[in-house]
2 protein chains.
Amino acid sequence: MDTPLPGNTKVTRQDWLDAATQILLTDGVERVKILTLANLLNVSRSSFYWYFESREALLTALLDHWIGTNTAALVAHAATQQPTITAAVANVFICFIDERQFNNRLDFAVRDWARRDPSVREVLAQSDEQRLTALAAMFGAHGYTPEDARIRARVLYYMQIGYIDADLQETTQERLEQVAHYIFAFTGQHATQAELDTFRTTVLSFSETG
Amino acid sequence: MDTPLPGNTKVTRQDWLDAATQILLTDGVERVKILTLANLLNVSRSSFYWYFESREALLTALLDHWIGTNTAALVAHAATQQPTITAAVANVFICFIDERQFNNRLDFAVRDWARRDPSVREVLAQSDEQRLTALAAMFGAHGYTPEDARIRARVLYYMQIGYIDADLQETTQERLEQVAHYIFAFTGQHATQAELDTFRTTVLSFSETG
DNA sequence: ACCCGACTAGACATAAGTGTCTAGACAGGT
DNA sequence: ACCTGTCTAGACACTTATGTCTAGTCGGGT
């Protein structure tokens with residue numbers, strides 16, 4: 001994904017998608033230009049049209065892929081049973097804390113895209129609703145009232161968005177120090193030291209594998 | 001700002017800036033095109049070059065204006081003395097809750113812009129630092145330790161960003177209901193009913209005048 | 001050896017964007 | 001009446017983007 005392909009390797013449809021994703025992440029949709037992608041792949045611009053009907057088709061494919069992965073990931077994490085609400089929130093954080101923050105920056109890029117494209121906005125709204133519902137259910141499973149669960153889900157969800165948007169250059173360690181405080185904020189109770197330690201190990205192992 | 005000028009009125013440099021701001025808010029920097037602005041002002045595209053040396057000059061002017069207003073606003077609100085931390089947080093919320101969310105969406109647009117332009121990123125980083133320092137000082141003034149104040153400032157700040165980014169279609173009333181919970185999260189204590197009532201009146205009067 | 005499907009390059013047409021230049025409208029001071 | 005500075009329109013040159021069409025390359029199956 002990060003390294004452009006060597007010139008001799010066969011170019012695939014996925015390569016175009018990867019290149020497009022890369023530009024989408026760093027520069028936004030508006031900068032996803034076919035020539036740019038072709039240069040990244042060391043290939044002629046016109047080859048693009050063998051794999052995709054148009055630029056629009058590429059963007060649609062990109063969006064479809066995003067829905068399939070990013071939304072499902074958070075929903076799955078939120079649905080995983082956890083002994084305490086602290087652990088549950090920590091688990092959700094794991095879903096979005098990793099070295100590259102790949103999916104999250106993509107999430108942001110799509111969010112920006114949605115601002116100027118109504119059809120994308122609709123897809124995003126559905127995804128938001130699914131994720132919020134999953135998070136609210138998570139809080140609900142730990143004794144919060146439906147109203148309170150919904151609010152806390154929103155706070156958690158929107159803060160994650162803002163966190164990504166702020167585009168911090170932090171190490172995993174720095175991030176972890178803050179997450180301890182976040183958990184306090186979201187659950188209304190301090191995490192125990194044991195819980196924090198468990199959380200640290202989990203996240204760290206996650207970062208290394210991802 | 002929202003209504004395009006009638007054709008007979010004299011076009012000013014500020015009109016170009018306003019039109020550009022409008023597009024920046026709704027569509028992002030990439031869509032700030034001179035022809036688009038000219039059409040909004042019912043004026044020839046080439047007239048633009050009397051007021052601005054280039055498109056780049058327009059964008060720079062736009063950024064300068066944003067710094068002058070948006071950053072100063074939050075810093076001023078954060079520096080205002082408040083009896084309790086709850087009131088202080090509430091006061092900061094006032095700074096960003098209003099019907100149109102004008103400055104905040106602009107803030108978001110600039111944040112997006114910064115992602116692809118290093119010089120903008122630098123300006124934004126300075127602004128972020130100023131605002132975070134102001135918020136941290138606010139928490140510090142109410143007895144939080146420097147470390148805790150800093151973290152809470154960041155949570156508050158980033159959540160506001162995410163809140164704007166989520167681009168909710170809410171009434172002021174709906175927003176207020178949530179803010180009560182936000183305050184709880186940020187201060188670690190429940191707001192008293194009296195404080196919430198005062199907060200409601202303040203925000204509502206602000207919305208009406210703004 | 002050949003053929004055919006997968007894939008690519010390059011030439012072309014078209015559109016949209018920036019920026020320049022020139023002629024001139026229009027209002028206010030003299 | 002006429003200048004002069006302010007502002008504008010329209011023609012032009014240039015660049016960059018999308019999308020089309022054609023002629024081909026290249027490898028695997030037969």
Side-chain angles (χ1 to χ4, degrees), chain A residues 4-64 109 112-113 115-120, chain B residues 4-64 109 112-113 115-120:
Chain A
L5 300 177
N8 48 357
T9 316
K10 195 77 169 289
V11 171
T12 67
R13 181 184 159 99
Q14 190 58 45
D15 291 330
W16 287 99
L17 284 169
D18 288 347
T21 304
Q22 186 178 327
I23 301 293
L24 180 62
L25 284 176
T26 56
D27 295 9
V29 217
E30 223 65 38
R31 288 281 184 92
V32 178
K33 312 248 162 111
I34 298 168
L35 179 59
T36 311
L37 308 182
N39 287 343
L40 278 176
L41 299 174
N42 281 321
V43 121
S44 166
R45 187 182 65 81
S46 53
S47 292
F48 170 84
Y49 293 93
W50 194 88
Y51 298 98
F52 298 91
E53 195 185 341
S54 64
R55 177 176 177 269
E56 203 55 35
L58 168 74
L59 295 179
T60 304
L62 225 52
L63 186 60
D64 288 346
D112 172 49
W113 181 8
R115 203 162 262 102
R116 72 198 75 164
D117 186 328
S119 66
V120 175
Chain B
L5 300 177
N8 47 359
T9 315
K10 194 77 169 289
V11 172
T12 67
R13 182 184 158 99
Q14 190 57 46
D15 290 331
W16 286 100
L17 284 168
D18 288 347
T21 304
Q22 185 179 327
I23 302 294
L24 179 63
L25 284 175
T26 56
D27 294 9
V29 217
E30 224 67 36
R31 289 281 183 92
V32 178
K33 313 249 163 111
I34 296 168
L35 178 60
T36 311
L37 309 183
N39 288 343
L40 278 175
L41 300 173
N42 280 321
V43 120
S44 166
R45 187 181 66 80
S46 52
S47 293
F48 170 85
Y49 293 94
W50 195 89
Y51 297 99
F52 299 91
E53 195 184 342
S54 64
R55 177 176 177 269
E56 202 55 35
L58 168 75
L59 295 180
T60 304
L62 224 54
L63 186 60
D64 287 347
D112 172 49
W113 183 7
R115 203 162 262 104
R116 72 198 75 166
D117 185 328
S119 66
V120 175

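Scope of the values below: all heavy atoms of this structure, side chains included, with no hydrogens, waters or symmetry mates.
- Between A:L37 atom CG and D:dA17 atom P there is a gap of 11 Å when expressed in whole angstrom units.
- A:F48 comes within 4.0 angstrom of nothing in the nucleic acid, heavy atoms only.
- In this structure, CG of A:L35 is placed 13 Å from P of D:dG19, rounded to the nearest angstrom.
- Summarising the geometry, the separation between NZ on A:K33 and P on D:dA17 is reported as 5 Å, rounded to the nearest angstrom.
- Between B:E30 atom CD and D:dA17 atom P there is a gap of 11 Å when expressed in whole angstrom units.
- If you take CZ of B:F52 and P of D:dT6, they are 17 Å apart, rounded to a whole angstrom.
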*Any chance you could lay out the side chain to side chain contact (heavy atoms under 4.5 Å, CB included) test for B:L59 and B:V120, step after step, and finish with the verdict?*
CA-CA 10 Å; B:L59 295 180; B:V120 175; over 6 Å; no

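- Of the possible donor and acceptor atoms, none in the side chain of A:T36 sits under 3.5 Å from a partner among the backbone N and O of A:V32.
- The local environment of CD in A:Q14 is crowded, with over 12 non-hydrogen atoms from other residues, nucleotides or ligands closer than 6.0 Å.
- A donor-acceptor pair is defined here as one N or O able to donate and one able to accept, closer than 3.5 Å; no such pair exists between the side chain of B:R45 and the backbone of B:L35.
- Where A:E53 and A:T36 each meet DNA chain D at their nearest nucleotide, the meeting point lying more 5' is that of A:T36.
- Between B:I23 and B:L40 there is a side-chain heavy-atom pair separated by less than 4.5 Å.
- Between A:F48 and A:W16, the angle of the ring planes goes over 60°, which puts this pair in the perpendicular group of the 30/60° scheme.
- Rounded to whole Å, atom P of D:dT18 lies 4 Å from atom CD1 of A:I34.
- Mapping heavy-atom proximity under 4.0 Å, the span of DNA chain C touched by chain A runs 5' to 3' from C:dA6 to C:dG10.
- Rounding to whole angstrom units, CD1 of residue A:I23 and P of D:dA17 are separated by 11 Å.
- Exactly one of A:R115, A:R31, A:R116 qualifies for a salt bridge (charged side-chain N to carboxylate O under 4.0 Å, His left out) with B:E30. That residue is A:R31.
- Each of B:W16 and B:R45 was assigned the nucleotide of DNA chain D with the nearest heavy atom; the assignment lying further toward the 5' end belongs to B:W16.
- Rounded to an integer number of Å, the gap from A:R55 CZ to D:dT18 C1' is 9 Å.
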